[in-house]
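Reviewing the structure listed below.
Not measured: the values here are computed from a predicted model. We number each residue from 1, following the sequence as shown. Quick note: numbers below take in every heavy atom, side chains included, and nothing from hydrogens, waters or symmetry partners.
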Amino acid sequence: MKFRGYVNPFFCRLTGYTHKEVFGNNWFDNLLSCYSQQLIKTVNIICQHS
């Protein structure tokens with residue numbers, strides 16, 4: 001889930017973040033609210049057990 005070697009320029013334009021702010025950071029932890037993170041984790045767990 002990390003940006004390892006490429007940051008999409010459109011993502012920077014869309015979010016207002018600079019390349020330096022995004023590169024190397026975990027987008028899941030930094031850009032999603034706690035609620036959204038938990039929801040995605042829960043859905044992922046449900047899907048894995050279906």
**Complete:** For Ile46, the other hydrophobic cluster members (4.5 Å side-chain criterion, sorted by chain and number) are none
**Asked** For Ile45, what are the other residues in its hydrophobic cluster, where any two members join if their side-chain heavy atoms are less than 4.5 angstrom apart?
**Response** none
**Request:** Could you grab the distance from atom OH of Tyr6 to atom NE2 of His19, nearest 0.5 Å is fine?
**Result:** 9.0 Å
**Request:** Sort out for me which residue in Phe10, Phe11, Tyr17 forms a side chain to side chain contact (heavy atoms under 4.5 Å, CB included) with Arg13.
**Result:** Phe10
**Request:** Write down the atom of Thr18, the atom of Cys12, and the distance for their closest heavy-atom approach.
**Result:** C-SG, 4.0 Å
**Fill in**
side-chain contact (heavy atoms from CB on, under 4.5 Å) filter on Leu32, not counting sequence neighbours, yields Trp27, Phe28, Ser36, Gln37, Ile40
